[in-house]
Amino acid sequence: MAVVELTKDTFTDAVAGEGITLVDFWADWCPPCRQFAPVYEKAAAKHQDITFGKVDTEAEQELALAFEIRSIPTLMIVRDGVTLFSQPGALREAALEDLIAQARALDMDEVRKALAERDNAGSESAAV
C-alpha cells in the first residue's frame, strides 16, 4: 500500500477503524525525516495490510499541536483505535520491523482490559 498523506480532515478516519495504522509526523526541512522516509516507504510496500500515513507538521500544525509533537520525525502506531506507541526519532529498518511485529502480536482484548483497569483506578483515586 502506498503511504497516504493525512490531514485534520482524514486523520480520525485513518486511525479509528480496525487494523494497524502507522503515522509519521514529519516536515520537509527535517534531515532525520528525509533519512527515515525511505525506511518508512519500504515498510509500507512490504506490509500491504497496514495503513501507513504521513502528517506534514508544517501544513497540519493543528494535528501536530493536538498530539503534542515537539520533535520530528515522530512515529505513532495505532491499532483498532488504540494508540500503542508514540516516540520521536528516525528508526532503522530492523527497529521499525520489530515495532510492527510487536503491534501485530498484541492481544487487543488484553490491551483494552488493561486500559480500562488503569482508567478505573485513576477515577477511584480522584474520587477520594
Side-chain angles (χ1 to χ4, degrees):
M1 175 181 282
V3 176
V4 296
E5 289 294 325
L6 298 177
T7 67
K8 66 179 182 178
D9 297 326
T10 61
F11 188 89
T12 300
D13 287 342
V15 301
E18 286 191 25
I20 299 172
T21 303
L22 275 70
V23 181
D24 175 21
F25 290 87
W26 70 286
D28 189 48
W29 54 262
C30 165
C33 298
R34 290 195 306 268
Q35 175 188 6
F36 180 56
V39 172
Y40 194 70
E41 291 167 10
K42 184 176 180 181
K46 182 177 178 181
H47 300 280
Q48 298 285 319
D49 61 322
I50 294 176
T51 300
F52 285 78
K54 291 180 79 77
V55 174
D56 180 346
T57 58
E58 291 295 311
E60 298 297 329
Q61 292 181 14
E62 286 180 50
L63 276 176
L65 285 171
F67 289 97
E68 300 178 0
I69 303 301
R70 291 183 173 78
S71 181
I72 52 175
T74 290
L75 179 67
M76 178 184 292
I77 301 176
V78 181
R79 180 169 168 196
D80 301 342
V82 177
T83 301
L84 303 174
F85 178 88
S86 183
Q87 182 174 311
L91 297 173
R92 294 195 165 135
E93 184 177 351
L96 180 57
E97 289 296 328
D98 183 53
L99 283 172
I100 291 169
Q102 289 180 53
R104 286 186 189 281
L106 283 173
D107 180 336
M108 290 307 291
D109 290 333
E110 289 296 319
V111 170
R112 284 193 235 353
K113 181 180 173 186
L115 288 173
E117 289 171 358
R118 183 194 70 191
D119 291 346
N120 287 337
S123 63
E124 288 172 8
S125 63
V128 173

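Every heavy atom of this structure was used, including side-chain atoms; hydrogens, water molecules and symmetry mates were not. Here the structure is a predicted model, which is why all the values come from computation and not from measurement. Just so you know, residue 1 is the first one in the sequence shown, and it goes up from there.
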**Request:** Verify side chain to side chain contact (heavy atoms under 4.5 Å, CB included) between I72 and W29, making sure each step is shown before the conclusion.
**Result:** CA-CA 10 Å; I72 52 175; W29 54 262; 3.8 Å; yes

**Message:** When you compare the side chain of W26 with that of D56, does any pair of heavy atoms fall below 4.5 Å?
**Reply:** yes

**Shortest non-hydrogen contact between D24 and P73, atoms and distance** = OD1-CB, 3.7 Å

**Closest non-hydrogen atom pair, K54 against A37** = NZ-CB, 4.3 Å

**Message:** If we ignore hydrogens and angles and just use 3.5 Å, is the side chain of T83 paired with the main-chain N or O of V78 as donor and acceptor?
**Reply:** no

**Prompt:** If you round to the nearest 0.5 Å, how far is CZ of F85 from CG of L106?
**Reply:** 12.5 Å

**Message:** Counting C-beta onward and ignoring hydrogens, is there a side-chain heavy-atom pair between E60 and I69 closer than 4.5 Å?
**Reply:** no

**Fill in**
One should read off an interatomic distance between K42 NZ and H47 NE2, to the nearest 0.5 angstrom, of 10.5 Å

**Message:** With side chain to side chain contact (heavy atoms under 4.5 Å, CB included) as the criterion, how do V4 and T10 come out once you've worked through the C-alpha distance, each side chain's angles and the decisive distance to 0.1 Å?
**Reply:** CA-CA 10 Å; V4 296; T10 61; over 6 Å; no

**Prompt:** Can you tell me if Q48 uses its side chain to pair, donor with acceptor, with the backbone of A45 under 3.5 Å?
**Reply:** yes

**Request:** Looking only at non-hydrogen atoms, find the nearest pair between F36 and A90 and report the distance.
**Result:** CB-CB, 3.9 Å

**Asked** For the residue pair T7 and L63, what are the closest heavy atoms and their distance?
**Response** C-CD1, 3.5 Å

**Request:** Check the angle between the aromatic planes of F11 and F25 and answer parallel, tilted or perpendicular using the 30° and 60° thresholds.
**Result:** tilted

**Request:** Could you grab the distance from atom CD of E58 to atom SG of C30, nearest 0.5 Å is fine?
**Result:** 10.0 Å

**Rounded distance (nearest 0.5 Å) linking atom CG of L99 with atom CD1 of I77** = 4.5 Å

**Asked** Between atom OG1 of T57 and atom CD of E62, what is the distance when rounded to the nearest 0.5 Å?
**Response** 13.5 Å

**Fill in**
Shortest non-hydrogen pair, A43 vs E97, comes out as CB-OE2, 4.0 Å

**Message:** Can a donor-acceptor pair be found, under 3.5 Å and without considering hydrogens, that links the side chain of D80 to the backbone of G19?
**Reply:** yes

**Item:** Contacts of type salt bridge (charged side-chain N to carboxylate O under 4.0 Å, His left out), residue R34, not counting sequence neighbours
**Value:** none

**Request:** Please test L84 against M108 for side chain to side chain contact (heavy atoms under 4.5 Å, CB included), starting from the C-alpha separation and ending with a verdict.
**Result:** CA-CA 10 Å; L84 303 174; M108 290 307 291; 4.2 Å; yes

**Prompt:** Is the side chain of Y40 donor-acceptor paired with the backbone N or O of L22 at a distance under 3.5 Å, no angle test?
**Reply:** yes

**Fill in**
Taken to the nearest 0.5 Å, the spacing of D107 CG from R112 CZ works out to 9.0 Å

**Prompt:** Taking the side chain from T21 and the backbone from V15, do they hold a donor-acceptor pair closer than 3.5 Å?
**Reply:** no

**Asked** Under 3.5 Å, side chain of R104 to main-chain N/O of I100, donor-acceptor pair present?
**Response** no

